[in-house]
Amino acid sequence: MPDIWWKADPQDLHRVVDRVSSVYVERSHLDRDENAVVIINKRQTVRVPAAMVAVMLLGPGTRVTHGAIRLLADSGSTVCWVGEQGVRMYAAGLGPSRGAGLLHRQAWLVTRPKERLAVARTMYAMRFPGEDVSGLTMQQLRGREGTRVRKIYRAHAARTGVPWNGRDYKPGDAFAAGDDLNRLLSAANAALYGICHAVIIGLGASPGLGFVHTGKATSFVLDIADLYKAEYTIPLAFDLTAQGLTEERDARLGLRDLIARHKLLGRIVTDVKTLLTPEDTDFEDHEANLLWDEHLGTVPGGTNYAAHADLSPHGMTDNHIAVIGPDPDETDPTP
């Protein structure tokens, strides 16, 4: 078993791209048995080698022990608390990345207009194969994208015979508005956002620092997911509607099968790295315990630079809340 993630060398942990994309757990209990996560429910018991899991998705009705979470953290596996069938991610733990290099690179790119525009153009170029977008402004790129999406919708409507009357989406309640096709699109897109979010966290990038989208905590997630909608969620929604499969669950399961069949997880990893990193550069494994300095750049961490400083004026006191259960070996003093 590799050392805990903040001590392990990069070569000791399996790369994200080499792992099982995700394990979804619902209405089960998770515990640890040596180097495996044990998933237990009334129907079966499943052992999962923790080091080979990229993302462990914990759905409704899931209980997990401290030992299981510690094992997943030691293995560099991302843990996400999600809604039913892996949609709507509520919270996430640390992924396998232990350095901040990729995050710093992303922040550097997104805060410089010239570099940000270059990344945005690359994203659009990935959606417009064979077209030169190197000289287009953001306004021109948005217009071309809008035209392209309308053509895609019309093409799939003609292919499947499903009427298309335009995208109908109600922010904050994705499934309250629209016909069956629109609801399937919303459900499939939500599932795609979940897997893109997990990959971004696993690589150590920020979900909130978007290049095309901005202002949301998931702006970069939306950027990355848009690379695959025309290929995955849009045709899937039309196909399901044509087959009369119009439940939200049908969209989630259909997208899950497509992701596994086409190995989309590895593709997302490659695309995120391509967008954020220069050629032949890998930021995800670099780690440095440093402190920022406005004059020197950085100084070593782990050093007490003011051993006798009084920190109480800065709010660093003993005020905190702790909730601790009784020791299992203690007897209840009450009769």
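In this structure the side chain of Leu264 reaches within 4.5 angstrom of the side chain of Leu192, judged on heavy atoms. Contact annotation: the side chain of Val272 approaches that of Phe220 to within less than 4.5 Å [non-hydrogen atoms, C-beta and beyond].
Inspection of the Thr233 and Asn189 side chains reveals an N or O donor paired with an N or O acceptor under 3.5 Å. Side-chain contact of Asn41 with Arg27: a donor-acceptor pair under 3.5 Å is absent, judged by distance alone. Inspection of the Thr147 and Arg142 side chains reveals no N or O donor paired with an N or O acceptor under 3.5 Å.
Between Ala191 and Leu255, the closest heavy-atom pair is CB-CD2, 3.6 Å. Shown here for Ala188 and Ala251, the closest heavy-atom pair between the two residues is N-CB, 3.9 Å. Of all the heavy atoms in Ile234 and Leu185, the pair that sits closest is CA-CD2, 3.8 Å. Taking all atoms of both residues into account, the shortest heavy-atom contact from Gln140 to Gly135 is OE1-O, 4.1 Å. Across all non-hydrogen atoms, the minimal contact from Val162 to Ala157 is O-CB, 3.3 Å. Counting all heavy atoms, side chain and backbone alike, Ala205 lies closest to Leu102 at CB-CD2, 4.0 Å.
The existence of a salt bridge linking Glu248 and Arg183 is excluded, since no basic side-chain nitrogen approaches an acidic carboxylate oxygen closer than 4.0 Å.
The backbone N or O of Tyr124 sits nowhere less than 3.5 Å from a side-chain atom of Asp226 that would complete a donor-acceptor pair. At distances below 3.5 Å, not a single donor-acceptor pair connects side-chain atoms of Asp33 with backbone N or O atoms of Ala36. A donor-acceptor pair is defined here as one N or O able to donate and one able to accept, closer than 3.5 Å; no such pair exists between the side chain of Arg116 and the backbone of Leu109. Side-chain atoms of Asp250 come within 3.5 Å of backbone atoms of Glu247 as a donor-acceptor pair (strictly under, hydrogens ignored).
Trp164 and Leu245 are not part of a single hydrophobic cluster, where members link through side-chain heavy atoms under 4.5 Å apart. With hydrophobic clusters built from ILVMFWY side chains whose heavy atoms lie under 4.5 angstrom apart, Val38 does not share a cluster with Met56. If you chain together hydrophobic residues whose side chains sit under 4.5 Å apart, Val212 and Ile152 never meet in one group. Val79 and Ile40 are assigned to two separate hydrophobic clusters, defined by single-linkage of ILVMFWY side chains at heavy-atom distances under 4.5 Å. Leu181 and Leu253 are members of different hydrophobic clusters when ILVMFWY side chains are connected at heavy-atom separations under 4.5 Å.
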Could you check Thr241 against Thr160 for side chain to side chain contact (heavy atoms under 4.5 Å, CB included), going step by step and ending with a plain yes or no? CA-CA 9 Å; Thr241 304; Thr160 60; over 6 Å; no
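Within the structure, ring-ring contact (aromatic ring centres under 6.0 Å, His included) pairs that include any residue of residues 242-272 comprise Tyr232-His262 (at least two apart or interchain). Pairs engaging residues 205-224 under the side-chain hydrogen bond (donor to acceptor under 3.5 Å, both in side chains) rule: His213-Asp223 [sequence neighbours left out].
A cation-pi arrangement is absent between Arg150 and Tyr153, since the terminal nitrogen or guanidinium carbon is not both under 6.0 Å from the aromatic centre and inside a 45° cone about the axis.
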In a table with atom names and distances, give each donor-acceptor pair under 3.5 Å that connects a side chain of residues 58-65 to protein atoms at least two apart or in another chain.
residue : atom : partner : partner atom : Å
Thr62   : OG1  : Val25   : O            : 3.3
Thr62   : OG1  : Gly59   : O            : 2.7
Thr65   : OG1  : Asp31   : OD1          : 3.2
Thr65   : OG1  : Ala68   : N            : 3.2

